[in-house]
Number of protein chains: 2
Amino acid sequence: MSLSAILGPLDDASPLPLYQQLQRALRDAISTNVLGPDDALPAERDLADEFSVSRITVRKALDGLVGEGLLMRKQGAGTFVTGRVEKNFAKLTSFSEDMIARGRKPHSVWLSKSEGSVNPEEALTLGLSPGTGVFRFHRIRYADALPMALEFSTVPTAVLSSVAQVDSSLYEALEREGNRPTRALQRLRAVLFTADQAELLGVKPGDPGLLIERRGFLKSGRAVEFTQSYYRGDAYDFVAELNTLS
Amino acid sequence: MSLSAILGPLDDASPLPLYQQLQRALRDAISTNVLGPDDALPAERDLADEFSVSRITVRKALDGLVGEGLLMRKQGAGTFVTGRVEKNFAKLTSFSEDMIARGRKPHSVWLSKSEGSVNPEEALTLGLSPGTGVFRFHRIRYADALPMALEFSTVPTAVLSSVAQVDSSLYEALEREGNRPTRALQRLRAVLFTADQAELLGVKPGDPGLLIERRGFLKSGRAVEFTQSYYRGDAYDFVAELNTLS
DNA sequence: ACCGCAAAGTACCATTTAGATACCAATAAA
DNA sequence: TTTATTGGTATCTAAATGGTACTTTGCGGT
């Protein structure tokens, strides 16, 4: 069944531009699950044929929906309805690696990188003595153009030579210095986003989110990482596979 | 019996790439124990013949599953299904044990026990044919006097003789009938409580919660349980210890 | 007359998917 | 040790897809 047969033709006489009509039609199709998560849209050239418009017009319509985070483009592959990202909770992978494995492009916007001394909370959770030097990282994490999480990381200066070492991936930087954690304790709980957090993530205050606190350890048992990540509840699923139940 | 005969042919016309179709087919075969732990897969060249695709396509499919940790390659020997390792996650599954470990007394209040036919969602998630009979259970779970979670469970009638069998523990009842699940897939996400849910749990509508959906499987791969649990975000933390490396 | 916008047309580029073929490296069995 | 089998890797080809850059046309407002 072709999309145009379901959505109906566009109105050439309408004052609303064609690309906006198409955009609205597709947005409706997505919201009513005519196009479900991860479904591929017809190719741009096919859409253009189906709706009897030019490919440029199709692209303008898709541009808008990509901007809204409803669609995802993969060059050479197609355009897809954005689905929830599924994160395997039982696997100790970094956000960057995770997104790449899912075919999405991760990037971060740094809010701050700084150096200082542990505060009492960090000293407690990381098992460090007061006065120990730490690096602190604060950033927004994106998948493609979609903000996914706010992240606060604390790392002892002993395991990293400088803040500049950390570019796109904290774990990569730790790996380079031979200090990638091999074990971690994670704690997860539900939170509501504050106004500040919501604005950074492009959601509404009071929207649901997931706070994951992670302490990472080396084989030796030494703590090398304390990270608090606030994930968007509407964009993230955590999946676990279990083999023993009780 | 060849794998392709069990899994069916790939769809050349599907918008989903061939290697992803194959990947999903194999993942299903593993999750349903058609391919058990430590089983060897057919050689890449044989898989290519069986499914009428090139070896490269087979390798791309296997690459993904190796990345997910489901398969292990041994050059010169073969490709094998990995044994599971996420033992620590068992903690996530048992409400009762978790509460006891925290020094609290768990108990449940039944809201309903009923018998009926699967709805489409259940049929899909449990892999049952439409019209199959199921038992449904709905209860509130408490820690001491504090309501902690709402639970909806669905179980095929085939694995349980009657609803009356289920008293304090669904798993105990399944155990008595020799149908206790040995493996499960869990999915977790952040939600906001509706007015109905909030009232039952003694929280405010719009408060944050965690929805955990669990599908439980027998050794044979047969699905025996679909449970949705809504946990209070303010009263429950999920803790996990991770050992897996990547 | 000029400008900005919507729309269409055209061409070419980069990436992904899929395949074909060949050869190398590790393993296991004879 | 030898041989066959297995996974690992490297080139190619080709088609389909999204990405981008240009040009042209018509409309409406200034």
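All heavy atoms count here, side chains included; hydrogens, waters and symmetry mates do not. Within every chain, numbering begins at 1; the chains are lettered A, B, ... in the order of the sequence lines, protein sequences first and strands thereafter.
By the neighbour-count criterion of 12 heavy atoms within 6.0 Å, atom CZ of R24(A) is sparsely surrounded, having that number or fewer from other residues, nucleotides or ligands.
When the P atom of dG7(D) is taken as reference, atom NZ of K60(B) falls 19 Å away, rounded to whole Å. For the pair E44(A) CD and dT16(C) P, the computed distance is 16 Å after rounding to whole Å. For the pair D49(B) CG and dG19(C) P, the interatomic distance rounds to 12 Å; values are reported in whole Å. As rounded to whole Å, 11 Å separates atom C1' of dT16(C) from atom CD of Q20(B). Following rounding to the nearest Å, R55(A) (CZ) and dA21(D) (P) show an atom-to-atom distance of 13 Å.
Between dA20(C) and S54(B), no contact under 4.0 Å exists linking OP1 or OP2 to a side-chain N or O. Contact between the side-chain N/O atoms of Y19(B) and the OP1/OP2 oxygens of dT17(C) is found at a separation under 4.0 Å. At dG7(D), none of the side-chain N or O atoms of R59(B) fall inside 4.0 Å of OP1 or OP2 (strictly under the cut-off).
Heavy atoms of I56(B) sit under 4.0 angstrom from at least one base atom. Residue contacts for L18(A): at a heavy-atom cut-off of 4.0 Å it reaches the sugar-phosphate backbone alone, with no base atom in range.
Side-chain contact between L41(A) and L62(A) is present, with heavy atoms from C-beta onward closer than 4.5 Å.
In this structure, CG in D237(A) is found 13.0 Å from OH in Y231(A), a value given to the nearest 0.5 Å.
A search for salt bridge (Lys or Arg N to Asp or Glu O under 4.0 Å) contacts involving D63(A) returns R73(A), not counting sequence neighbours.
Taking every heavy atom of residues 21-28 of chain B and every atom of DNA chain D, no pair lies under 4.0 Å. Applying a 4.0 Å cut-off to non-hydrogen atoms, the residues of residues 71-80 of chain B that approach DNA chain D are R73(B), K74(B), Q75(B), G76(B), A77(B), G78(B), T79(B), listed by residue number.
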